[in-house]
Protein chains: 2
Amino acid sequence: MHSTTLAALGEPSRLKIVDLLRGSPFPVGEIAERLGIRQPQVSKHLGVLREAGVVDVEPVARRRIYHLRAEPFEEIRDWLDSFEELWQTRLDSLETVLASMENPTQDDTR
Amino acid sequence: MHSTTLAALGEPSRLKIVDLLRGSPFPVGEIAERLGIRQPQVSKHLGVLREAGVVDVEPVARRRIYHLRAEPFEEIRDWLDSFEELWQTRLDSLETVLASMENPTQDDTR
DNA sequence: AAGACATATTCTCGTCAAGGAATATATTGT
DNA sequence: ACAATATATTCCTTGACGAGAATATGTCTT
């Protein structure tokens, strides 16, 4: 899991853009209009998102339709999946770890 | 979905910390040691992660054991879930949208 | 209580990123 | 080709962030 993807999503305006594109692809102007962000900033944010592989462009007439790409989200999902196995283990492992945490010469009768 | 969580994870060192804690809780010093990051920076990063609700602390003796919290990850997962339904629809919806995208007076015989 | 150990905090500096405004660069439709 | 429209880019300023170094704040242990 690279931090680049998460960093791209970790900016309020960009997250809004992604949430908008979640519903349907949109051209730059309409994204700007719907979110109340000026067009240049939208272009910049889309640039970041594109470099991070989060979105892709499809030119249609004189506009550029931006849409989400599935890969980065699948990657995040896979990453999260590698956690899931551990949550149950974690619940008691925490106490286990707390107890066994390098208290070699110590006896717990405190 | 708030960008705060993603922003917290969108930093290389912090992501490494999270990946380490994925395996097991650890005290600050050991995190620093294992990742080769100086203790003060680790403390700072842990502070950010804690404020974002990604980790929590458990004082044990004179150290502070940091461990992951499940909630933020579940939140991300839920967010991703709201996408999944759309991926299949998206595949053809893209073309659909591209075609029907405000080309009212246009006929596609180009 | 003192000393040792673990962690947090402060300060400074350099860098990077974001917003605003203006402008450049297409690309289209007539 | 021209005017219009859509998007990208540049320049600037400002604020936030991260690393480094030094130091402060705890908190056991004896």
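Atoms considered below: every heavy atom in the structure, side chains included; atoms not considered: hydrogens, waters and symmetry mates. In what follows, every chain begins at residue 1, and chains take the letters A, B, ... in the order their sequences are listed.
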Rounded distance (Å) that lies between atom P of C/dA6 and atom CD of B/Glu33: 10 Å
Heavy-atom side-chain contact between A/Thr4 and A/Glu51 under 4.5 Å: no
4.5 Å side-chain heavy-atom contact, B/Leu35 and B/Val42: no
Minimum-distance nucleotide to A/Ser43 side chain [options: C/dG20, C/dT9, D/dT7]: D/dT7
Sugar-phosphate, base or nothing in reach of B/Pro40, heavy atoms under 4.0 Å: base
Side-chain heavy atoms of B/Val57 within contact of B/Leu46, under 4.5 Å: no
Residue pair B/Asp78 / B/Met1, side-chain heavy-atom distance below 4.5 Å: no
Of B/Leu46 and A/Ser13, the one whose closest DNA chain C nucleotide lies more 5': B/Leu46
Spacing between B/Ile37 atom CD1 and D/dG20 atom C1', to the nearest angstrom: 14 Å
Rounded interatomic separation in angstrom, taking CD from A/Glu51 and C1' from C/dA18: 15 Å
Phosphate OP1/OP2 of C/dA8: any B/Tyr66 side-chain N/O under 4.0 Å: yes
side-chain N/O A/Arg14 vs C/dA18 OP1/OP2, d < 4.0 Å: yes
Rounded distance (Å) that lies between atom C1' of D/dT7 and atom CD of A/Glu58: 16 Å
Distance-only donor-acceptor test, A/Glu11 side-chain atoms vs C/dA18 base atoms, 3.5 Å: no
Phosphate-side-chain proximity, B/His45 and D/dA19, N/O vs OP1/OP2 below 4.0 Å: yes
Sugar-phosphate, base or nothing in reach of B/Arg50, heavy atoms under 4.0 Å: nothing
Short side-chain N/O contact to D/dG26 OP1/OP2 from B/Arg62, under 4.0 Å: no
A/Lys44 side chain, from C-beta outward: closest of C/dT7, D/dT9, D/dT7: D/dT9
Distance, rounded to the nearest Å, where A/Gln39 contributes CD and D/dT9 contributes P: 11 Å
Euclidean distance, atom CZ of residue A/Arg38 to atom C1' of C/dA21 [Å, nearest integer]: 9 Å
Nucleotide C/dG20, atom P - distance to CD of A/Gln41 in whole Å: 5 Å
Spacing between A/Leu15 atom CG and C/dA18 atom C1', to the nearest angstrom: 16 Å
Side chains of A/Arg14 and A/Leu9 in contact at under 4.5 Å (non-hydrogen atoms): no
